[in-house]
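Written below as structure tokens is the structure these notes are about.
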Amino acid sequence: VINQNGLNLLERESNDIFKIGTEVITDVQILETAIERAKNKGADEDFVMLREALNLVRDLPFAGEDFVWADTEGITSNVVLTVITGALMLSDFYMARADLNGVFWATGQGLKALRGHEELIALRMKAHAQQRNVSGINSEWLAYERVRIADDQFLDREHNEIAKLRESLLTTI
């Protein structure tokens with residue numbers, strides 16, 4: 001495969017093994033770079049870059065594909081962790097600036113990669129609480145509860161941190 005500049009992006013090596021050229025970068029590499037920049041520099045433009053990188057998230061990694069090798073090599077888990085890290089960083093950035101729309105967008109991107117992630121759900125509930133939006137808090141709770149039940153996980157409301165957070169937010173509104 002040759003790109004428009006005449007560079008070979010995919011070479012065939014021996015035994016029908018393909019080698020991807022160094023000019024090819026993945027969405028994950030773009031996200032990792034953005035996370036590092038935001039972590040190290042932390043300027044507003046670094047978080048703009050992080051948002052652009054998170055905008056590449058569409059679903060679970062390899063969704064709809066039967067790539068068992070990605071799971072067995074831990075690639076899927078690493079991609080999910082990278083997305084969650086970026087989403088949490090950007091959510092915290094927006095929360096510190098009281099940009100609640102930004103919080104909802106960033107947490108939504110993270111939840112595409114890992115439904116029911118408790119820290120992302122907690123951030124969304126806190127953002128709803130800042131808006132004094134009781135139905136928003138309850139909606140996040142119900143979505144979280146559905147994911148837990150769909151994943152066949154027992155939900156002990158007395159000891160669950162999200163349930164405790166929900167109750168505390170509802171009593172302060």
Side-chain angles (χ1 to χ4, degrees), residues 1-11 13 17-128 130-131 136 139-140 143-144 146-148 150-151 153 161-162 165:
V1 176
I2 310 250
N3 74 0
Q4 63 213 27
N5 298 325
L7 295 171
N8 193 358
L9 301 178
L10 188 62
E11 295 179 23
E13 292 185 342
I17 295 175
F18 289 95
K19 180 180 177 185
I20 297 175
T22 57
E23 299 81 14
V24 176
I25 59 170
T26 65
D27 293 352
V28 176
Q29 289 169 310
I30 293 169
L31 182 55
E32 288 169 340
T33 300
I35 289 170
E36 284 306 308
R37 279 192 58 170
K39 197 182 297 182
N40 294 331
K41 294 183 180 180
D44 286 356
E45 60 267 11
D46 298 318
F47 285 95
V48 169
M49 183 180 165
L50 179 56
R51 182 180 175 117
E52 290 169 359
L54 278 171
N55 196 43
L56 300 172
V57 176
R58 294 177 302 276
D59 203 339
L60 292 165
F62 307 107
E65 301 297 330
D66 191 20
F67 293 146
V68 176
W69 58 267
D71 291 332
T72 58
E73 293 183 21
I75 295 170
T76 304
S77 297
N78 287 331
V79 173
V80 168
L81 289 173
T82 302
V83 170
I84 297 301
T85 298
L88 288 170
M89 285 178 67
L90 190 59
S91 298
D92 288 342
F93 172 80
Y94 285 135
M95 189 67 90
R97 285 157 179 72
D99 180 349
L100 301 182
N101 288 332
V103 172
F104 289 124
W105 184 87
T107 54
Q109 290 303 103
L111 291 170
K112 287 179 182 179
L114 185 60
R115 301 175 309 131
H117 185 274
E118 291 188 3
E119 199 170 347
L120 292 172
I121 298 290
L123 282 166
R124 292 176 71 85
M125 290 172 76
K126 289 173 185 175
H128 283 298
Q130 285 187 16
Q131 294 176 325
S139 174
E140 298 298 340
Y144 170 73
R146 278 192 303 273
V147 168
R148 294 290 299 251
D151 289 344
Q153 297 176 8
E161 293 302 315
I162 298 295
L165 174 64

Does the side chain of D92 reach to within under 4.5 Å of the side chain of L123, using non-hydrogen atoms? yes
Going by side-chain contact (heavy atoms from CB on, under 4.5 Å), D46 matches just one of K41, K39, E36. Which one? K41
Roughly how far apart are Y144 OH and L111 CG, rounded to 0.5 Å? 12.0 Å
For F47, ring-ring contact (aromatic ring centres under 6.0 Å, His included) partners two or more places apart: F93
Does some side-chain heavy atom of V83 sit less than 4.5 Å from a side-chain heavy atom of L31? yes
Compare every heavy atom of V147 with every heavy atom of G116, then report the nearest pair and how far apart it is. CA-CG1, 4.0 Å
Test R124 against every option in E119, E140, E118 by the salt bridge (charged side-chain N to carboxylate O under 4.0 Å, His left out) rule and name the one that passes. E140
What are the two closest heavy atoms between A127 and V103, and how far apart are they? CB-CG1, 4.0 Å
Would you give the length of the straight line joining atom CG of L120 to atom CG of L88, rounded to the nearest 0.5 angstrom? 4.5 Å
How far apart are the closest heavy atoms of P61 and V79, and which atoms are they? CG-CG1, 3.4 Å
For D44, the salt bridge (charged side-chain N to carboxylate O under 4.0 Å, His left out) test, sequence neighbours excluded, returns R97
Taking atom NE2 of H117 and atom CD1 of I84, what is their separation to the nearest 0.5 Å? 4.5 Å
So, do V28 and E32 sit near enough that their side-chain heavy atoms are less than 4.5 Å apart? yes
Could you report the tightest heavy-atom contact between L165 and K126, atom names first, then the distance? CD1-CE, 4.0 Å
Are the side chain of Q109 and the backbone of V57 linked by a donor-acceptor contact shorter than 3.5 Å? yes
Backbone N or O of L56 within a donor-acceptor pair of the R58 side chain at under 3.5 Å? yes
Within a 6.0 Å radius of atom CD1 on I20, are there more than 12 heavy atoms belonging to other residues, nucleotides or ligands? no
With side chains defined as the heavy atoms from C-beta onward, is the minimum distance between E52 and I30 less than 4.5 Å? no
Rounded at 0.5 Å granularity, tell me how far CZ in R115 sits from CD1 in I121. 10.5 Å
Shortest non-hydrogen contact between A106 and Y94, atoms and distance: CB-CD1, 4.3 Å
How many angstroms lie between OG in S91 and CG in L100, if you round to the nearest 0.5 Å? 11.0 Å
